[in-house]
Protein chains: 2
Amino acid sequence: MVAATGVSVGHDELATLKHLALLGALDGEEKFSCSSLAERLDTSTQTASRRLQALDGAEYVDREVVSDGQWISITDAGESALQREYADYRRIFEGESSVELDGAVTSGMGEGRHYISLPGYMEQFVDRLGYEPFKGTLNVNLDDESVRTRARLSSFEPITIDGWEGDERTYGPAYCYPATVENDAGDRYEQAHVITPERTHHDEDQLEVIAPAKLRDELDLEDGSEVIVHVSEQ
Amino acid sequence: MVAATGVSVGHDELATLKHLALLGALDGEEKFSCSSLAERLDTSTQTASRRLQALDGAEYVDREVVSDGQWISITDAGESALQREYADYRRIFEGESSVELDGAVTSGMGEGRHYISLPGYMEQFVDRLGYEPFKGTLNVNLDDESVRTRARLSSFEPITIDGWEGDERTYGPAYCYPATVENDAGDRYEQAHVITPERTHHDEDQLEVIAPAKLRDELDLEDGSEVIVHVSEQ
DNA sequence: ATTACTAGTTTACGAGTAA
DNA sequence: TTTACTCGTAAACTAGTAA
């Protein structure tokens with residue numbers, strides 16, 4: 001387990017992060033002072049300072065303290081936290097439990113093919129997804145906006161694929177989300193699933209999709225083909 | 001000043017309210033137990049219990065404690081709090097700082113006409129809105145959905161009209177928000193403002209709109225005419 | 001099983017201060 | 001002015017218990 005920086009992010013800190021976002025800290029560095037923030041948050045300057053330290057410690061913001069204030073920008077991790085929150089509210093008020101992710105088909109590294117073929121995973125797919133997947137994953141290179149919005153997925157209740165201990169190594173758990181893949185001709189393949197490892201990587205710009213059939217054939221896809229992946233709740 | 005019940009609603013309580021909403025407590029009474037909630041909130045059952053008491057005290061939820069749990073439903077005030085939160089996130093991610101409110105023109109009580117005609121208000125309108133309003137307000141009976149979504153307005157930065165002390169009584173402050181009024185023919189009148197008293201009434205189903213001209217003439221409106229009021233940020 | 005009280009501990013807070 | 005430290009106090013937490 002990688003040691004966290006020890007500073008916990010509670011709801012107060014998240015509310016602070018929301019205010020920073022409203023003040024423009026998502027679009028690059030923005031200058032703040034603890035006193036102005038304290039007024040907005042209706043607390044003391046000391047508490048405002050502590051909140052920023054906590055967000056910094058959790059790597060939700062990058063900041064540079066200067067003599068007359070500090071320059072703050074929200075990190076990708078911080079934005080993801082806000083996206084998850086947004087997804088919750090969208091679900092509450094819009095009933096929207098789907099996320100649309102756009103990108104281009106890529107050949108990827110072929111790792112996915114190896115992993116999903118392992119019996120330990122395959123048996124669970126049959127049991128929990130209701131089909132035996134084609135032995136290969138469709139890799140999608142997400143566009144910039146979708147890289148950001150994919151964080152909303154984590155507000156969904158996933159179908160969990162358990163990990164297990166192998167002979168030489170351990171195989172980690174994975175999360176599956178029902179998905180429909182649409183090509184640029186508007187054809188849709190409905191019975192697919194987005195699959196992501198429980199422990200997320202650093203580059204979240206690739207999406208892996210599994211399905212009972214070979215999606216490249218079903219939807220006439222090749223490298224570079226634009227696809228829309230509609231991810232829904234279980 | 002009406003005495004609040006003394007229980008403060010912090011970010012922890014709001015997060016709890018969000019979870020209740022996600023679990024369906026907006027659509028009527030839903031049954032919960034503190035232990036199941038505690039698990040979801042990652043706290044102790046005692047804390048879950050206190051959160052619910054706090055939400056109850058703030059009148060954000062109605063609840064009925066029974067022997068094996070409690071029936072909880074979110075009140076209008078609670079839903080408004082969530083709507084304000086949602087509006088913040090929409091602004092962050094969609095850049096949307098506008099709210100669309102639908103309703104039907106009504107004659108109202110004619111109070112608005114009296115109040116806005118007072119010199120104490122009128123001078124501020126000229127100064128801060130940039131025009132002298134027609135001496136009358138367009139009253140709109142909001143439909144059910146708009147009654148709920150109007151809470152999002154309170155996340156906007158209003159144009160503040162100050163109150164003052166009169167000879168016999170005090171005249172309270174009011175908030176104005178730039179608005180465009182659209183009739184069912186699609187005609188739009190852009191230079192209008194929604195005006196609301198700072199101290200909100202209990203019935204929030206009426207919207208009052210002021211404009212430099214008589215909106216009923218400009219947009220060919222009569223009682224019962226459907227209008228769309230697009231309220232934007234200052 | 002519940003909810004919610006009381007008691008003891010921990011954590012968070014704001015005032016004051018230093019850099 | 002800033003930020004962030006220390007410190008004494010106040011609030012919030014969990015454990016145990018009663019209803």
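- Rounded to whole Å, the distance from CG on A/Asp12 to P on D/dC13 is 10 Å.
- Shown here for A/Phe156 and A/Val231, the closest heavy-atom pair between the two residues is CE2-O, 3.8 Å.
- Taken to the nearest 0.5 Å, the OH atom of B/Tyr89 stands 6.5 Å off from the OH atom of A/Tyr89.
- Residue A/Asp56 contributes atom CG, which lies 13 Å from atom C1' of D/dA4 at whole-angstrom precision.
- Here the closest heavy-atom approach between residue A/Gly78 and residue A/Leu17 is recorded as O-CD2, 3.5 Å.
- When all heavy atoms are compared, the tightest approach of A/Asp88 to B/Leu22 is O-CD2, 3.7 Å.
- Put simply, chain A comes within 4.0 Å of DNA chain C, heavy atom to any atom, from C/dC13 to C/dG16, going 5' to 3'.
- With a cut-off of 3.5 Å on both pairing distances, the Watson-Crick or G-U wobble partner of C/dC5 is D/dG16.
- The distance from atom CD of A/Gln124 to atom CG of A/Asp162, rounded to the nearest 0.5 Å, is 4.5 Å.
- Within 6.0 Å of atom CD in A/Glu39, 12 or fewer heavy atoms from other residues, nucleotides or ligands are found, so the atom counts as exposed in its surroundings.
- Within residues 61-71 of chain B, the residues that place at least one heavy atom under 4.0 Å from DNA chain C are, in residue-number order, B/Arg63, B/Val65, B/Ser67, B/Asp68, B/Gly69, B/Gln70.
- For DNA chain C, the residues of residues 27-47 of chain B within the heavy-atom distance limit of 4.0 Å (strictly under) are B/Phe32, B/Ser33, B/Cys34, B/Ser35, B/Gln46, sorted by number.
- Scanning all heavy atoms of the two residues, the minimum distance from B/Glu13 to B/Leu55 falls at O-CD2, 3.6 Å.
- Crowding of A/Glu100 atom CD: a count of heavy atoms from other residues, nucleotides or ligands under 6.0 Å exceeding 12.
- The CG atom of A/Leu52 sits 13 Å away from the C1' atom of D/dT2 (whole-angstrom rounding).
- Contact record, A/Leu142 with A/Glu204: CD1-O, 4.0 Å, taken as the closest heavy-atom pair.
- For CZ of A/Arg91, the number of neighbouring non-hydrogen atoms (other residues, nucleotides, ligands) closer than 6.0 Å is greater than 12.
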